[in-house]
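Below you'll find the structure, written out as C-alpha cells, and then a few comments.
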Amino acid sequence: MKTDKTLLMLMIMICMLLSTAWTQQSNKIYWKETDYPIIFGRNVTLFCNTSAVGTQKTTWMKQSDVILHQGLSFYPDKYTGQDVTDGSTLTIMNTTVTDFNISYTCLSDVHSYDNVLIINTTHFITIPQYTDIVWTVLDQKILVQINLKSVFPVPNCSVHINDIILLTIQQQSFHIQDLFYYGTLNITSRTQEKMCERNLTVVCDFGCSYTDVIATKVLQNCNVTNQMSNIHDFEHVWIIIGTFASVFFY
Ligand SMILES: *[C@@H]1O[C@H](CO)[C@@H](O)[C@H](O)[C@H]1NC(C)=O
Ligand SMILES: *[C@@H]1O[C@H](CO)[C@@H](O)[C@H](O)[C@H]1NC(C)=O
Ligand SMILES: *[C@@H]1O[C@H](CO)[C@@H](O)[C@H](O)[C@H]1NC(C)=O
Ligand SMILES: *[C@@H]1O[C@H](CO)[C@@H](O)[C@H](O)[C@H]1NC(C)=O
Ligand SMILES: *[C@@H]1O[C@H](CO)[C@@H](O)[C@H](O)[C@H]1NC(C)=O
Ligand SMILES: *[C@@H]1O[C@H](CO)[C@@H](O)[C@H](O)[C@H]1NC(C)=O
Ligand SMILES: *[C@@H]1O[C@H](CO)[C@@H](O)[C@H](O)[C@H]1NC(C)=O
Ligand SMILES: *[C@@H]1O[C@H](CO)[C@@H](O)[C@H](O)[C@H]1NC(C)=O
Ligand SMILES: *[C@@H]1O[C@H](CO)[C@@H](O)[C@H](O)[C@H]1NC(C)=O
C-alpha cells in the first residue's frame, strides 16, 4: 500500500504540473460543499463536479497528501467517497478544527481544482459540547438557566409545553473564544395556568437553518407535588433543579 501510494503521488504531481497551465485559465472542474449548514463535529461532504471533462475517476488530496483515489480511501476512518452523477464526493467524517482552513484538491483527467475549506459563519454551526441546566418552575412561571460551552452561533431559544410554543424572553451573556461561544442563557416564560404532568422542552434555533432541543423536563402530577409542598410549607411552589445529566433520572 505504501509503495503504491508513493507511486500514485508521483504520478499525481506530474499530472498537476502538466495541468497547472490549464487550471490557471479556467476551472474545468470544481468542488463545493454539498450540505448546509456545516455542523462542526459531524460529516462534511465535498462534491467535485467533473462533468466538463466527462465523469472521469477522481483523486482527492488534502494539501499535498492523497487521501482518496478512485473511491479508495487511504484513511478509511476519516475519509470516504464515491462516484456520483457528474463527479465524485469526499466525505470528511467527524470534523475537527484541523479539517478546516486547509486546502483540498480534486483531480480528474489532467484537470485539478484546489480550494480552502473555510468556516463560513453564515453556514456554520456548533452544537454545544456541554450544557448545564437549572429549571425553576413556580406556578405559571418558568425560568431556565442554561450554561453552554463551545457553541456557535449563540442560539435563540424558546420554551415549548408539549407542542405549544410559549412567549419567551431570553437574556444572555456570552464571550467568544477560538470561534466558539461560552456563556449563559436565562429564559423566562409564562403559561395561562398551573402546569401539571406536562413536558417542557427548550428548543433552540442556531442561525436560521438548524433547530435542536437542548433541554427537556417532565413535570410531575400536581397532587403529588402539593402533598410534598404542604409538608414543606410552601403552597404551590416547587423548585426543580437539575443538570443535563440528571434529566435522565426524572
Ligand atoms: C458520516 O459518514 C459515514 C460514512 O459515510 C457514515 O457511516 C456516518 O453515518 C455519517 N455520519 C453522519 C452523522 O451522517
Ligand atoms: C456540474 O456542472 C455542470 C456545469 O456547470 C452543471 O450543469 C451540472 O448541473 C453540475 N452537476 C451537479 C450534480 O451539480
Ligand atoms: C464519529 O462520531 C460518531 C458520533 O459521535 C461516533 O459514533 C463514530 O464512532 C465516530 N466515527 C469515527 C470514525 O470516529
Ligand atoms: C482561518 O484562517 C484565517 C486567515 O488565515 C484566520 O483569520 C482564521 O481565524 C482561521 N480560522 C480558523 C478556524 O482557524
Ligand atoms: C459565506 O456564505 C454567504 C452566503 O452563501 C456568502 O454570501 C459569503 O460570501 C460567504 N463568505 C465567504 C467568506 O465565503
Ligand atoms: C441569569 O440569572 C442568574 C440568576 O438569576 C443571574 O445571576 C445572572 O446574572 C443572569 N444572567 C443573565 C445573562 O441574565
Ligand atoms: C412526556 O414525554 C414522555 C416521554 O417522552 C411521554 O411518555 C409522555 O406521554 C409525555 N407526556 C405528556 C403529558 O405529553
Ligand atoms: C435571534 O433573534 C434575534 C432577533 O430576532 C436575531 O437578530 C438573531 O440573529 C437571532 N439569532 C439566531 C442565532 O437565530
Ligand atoms: C389528582 O388530580 C386529578 C385531577 O387533576 C384527580 O382526578 C385525581 O383523583 C387526583 N389524584 C389524587 C391521588 O389525588
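We number each residue from 1, following the sequence as shown. Atoms within a ligand are numbered from 1 in the order they appear, just like the ligands themselves. The figures here come from the full heavy-atom set of this structure, side chains too, leaving out hydrogens, waters and symmetry mates.
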Subject >> Residue list, side chain to side chain contact (heavy atoms under 4.5 Å, CB included) with S189, at least two apart or on another chain >> reply: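 I142, V159, L166, T168.
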Subject >> Set of residues satisfying side chain to side chain contact (heavy atoms under 4.5 Å, CB included) with respect to Q192, sequence neighbours excluded >> reply: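 Result, side chain to side chain contact (heavy atoms under 4.5 Å, CB included) vs Q192: none returned.
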Provide the number and element of each atom of ligand 5 under 4.0 Å from a heavy atom of [X].
{"X": "I118", "answer": "12 (C), 13 (C), 14 (O)"}
{"X": "H123", "answer": "2 (O), 3 (C), 4 (C), 5 (O)"}
{"X": "N120", "answer": "1 (C), 2 (O), 3 (C), 8 (C), 10 (C), 11 (N), 12 (C), 14 (O)"}

**OP:** Using only heavy-atom distances, determine whether the side chains of T59 and H69 contain a donor-acceptor pair under 3.5 Å.
**Re:**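 Yes, side-chain donor-acceptor contact under 3.5 Å.
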Show me the donor-acceptor pairs, under 3.5 Å and distance only, between side chains in residues 80-88 and residues at least two apart or in other chains.
{"from": "D83", "atom 1": "OD2", "to": "K57", "atom 2": "NZ", "distance (Å)": "3.2"}
{"from": "S88", "atom 1": "OG", "to": "W60", "atom 2": "NE1", "distance (Å)": "3.2"}

Original post:
Is there a heavy atom of T121 sitting under 4.0 angstrom from any atom of ligand 5?
Top reply: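 The answer is no, since T121 has no heavy atom less than 4.0 Å from ligand 5.
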**OP:** Using distance alone, determine whether N43 and ligand 1 share an N or O pair under 3.5 Å.
**Re:**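 So ligand 1 has an N or O lying under 3.5 Å from an N or O of N43.
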Original post:
Under 4.5 Å between any side-chain heavy atoms of P155 and L148, yes or no?
Top reply: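 Sidechains of L148 and P155: in contact.
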Subject >> Residue pair F206 / I214, side-chain heavy-atom distance below 4.5 Å >> reply: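 Of all side-chain heavy-atom pairs linking I214 with F206, at least one is under 4.5 Å.
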Original post:
What's the shortest heavy-atom distance between I125 and Y210, and which atoms?
Top reply: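 In terms of heavy atoms, the two residues are closest at CD1-CB, 3.3 Å.
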Original post:
Shortest non-hydrogen contact from F174 to T184?
Top reply: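 Residues F174 and T184, closest heavy atoms: CE1-O, 3.5 Å.
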**OP:** Answer yes or no on whether K149 is positioned over the face of Y130, meaning its NZ or CZ is under 6.0 Å from the six-membered ring centre and within 45° of the axis.
**Re:**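 Output yes; distance and angle both within limits.
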Subject >> Any M93 heavy atom less than 4.0 Å to ligand 1 >> reply: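 True for this residue.
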Original post:
Can you list, by chain and residue number, every protein residue with a non-hydrogen atom closer than 4.0 Å to ligand 6?
Top reply: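 Heavy-atom contacts below 4.0 Å: Q145, Q171, Q172, S173, N186.
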